[in-house]
Amino acid sequence: MGIVINLDVVMAQRKMGLTELSKEVDITMANLSILKNNKAKAVRFSTLEAICKALDCQPGDIISYEEE
């Protein structure tokens with residue numbers, strides 16, 4: 001599997017929807033959805049920082065590594 005994005009889990013824990021997070025982070029819903037569904041090939045640190053700030057979490061809460 002490699003790098004896994006757990007954004008949907010953190011969003012559910014914070015009871016925050018895609019629309020609300022999209023507005024807070026100022027990223028399109030389409031791009032946020034790509035990230036949430038583990039389809040992204042890269043993430044800018046500025047985007048990761050904004051998501052962490054909006055969800056009051058650490059990058060490790062969102063990103064993990066799983067052996068294949």
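When reading the values below, keep in mind they use all heavy atoms of this one structure, side chains included, and skip hydrogens, waters and symmetry mates.
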Would you check if I62 and I5 make a side-chain contact, meaning some heavy-atom pair closer than 4.5 Å?
yes

Table please: side-chain donor-acceptor pairs of residues 14-22 below 3.5 Å, with sequence neighbours left out.
| residue | atom | partner | partner atom | Å |
| --- | --- | --- | --- | --- |
| R14 | NE | L55 | O | 2.6 |
| R14 | NH2 | D56 | O | 3.1 |
| S22 | OG | I27 | O | 2.5 |

A quick test of your reading: do over 12 heavy atoms of other residues, nucleotides or ligands sit less than 6.0 Å from CD of E49?
no

Gap between atom CD of Q13 and atom CG of N6 - 0.5 Å precision
9.0 Å

Contacts of type side-chain hydrogen bond (donor to acceptor under 3.5 Å, both in side chains), residue N38, not counting sequence neighbours:
none

Single-linkage hydrophobic cluster, 4.5 Å side-chain cutoff, I63 and Y65 together:
yes

Starting at CG of L32, measure out to CG of N37 and round the result to the nearest 0.5 Å.
9.5 Å

Are M29 and M11 connected in the hydrophobic side-chain network, where two residues link if heavy atoms are under 4.5 Å apart?
yes

Going from NZ on K39 to CD1 on I34, what distance comes out if it is rounded to the nearest 0.5 angstrom?
10.0 Å

With heavy-atom distances below 4.5 Å as the criterion, would you say the side chains of I51 and L35 are in contact?
yes

To the closest 0.5 Å, what do you measure between CD (Q58) and CG (L48)?
10.0 Å

Which pair of heavy atoms, one from C52 and one from P59, lies closest together, and at what distance?
SG-N, 3.5 Å

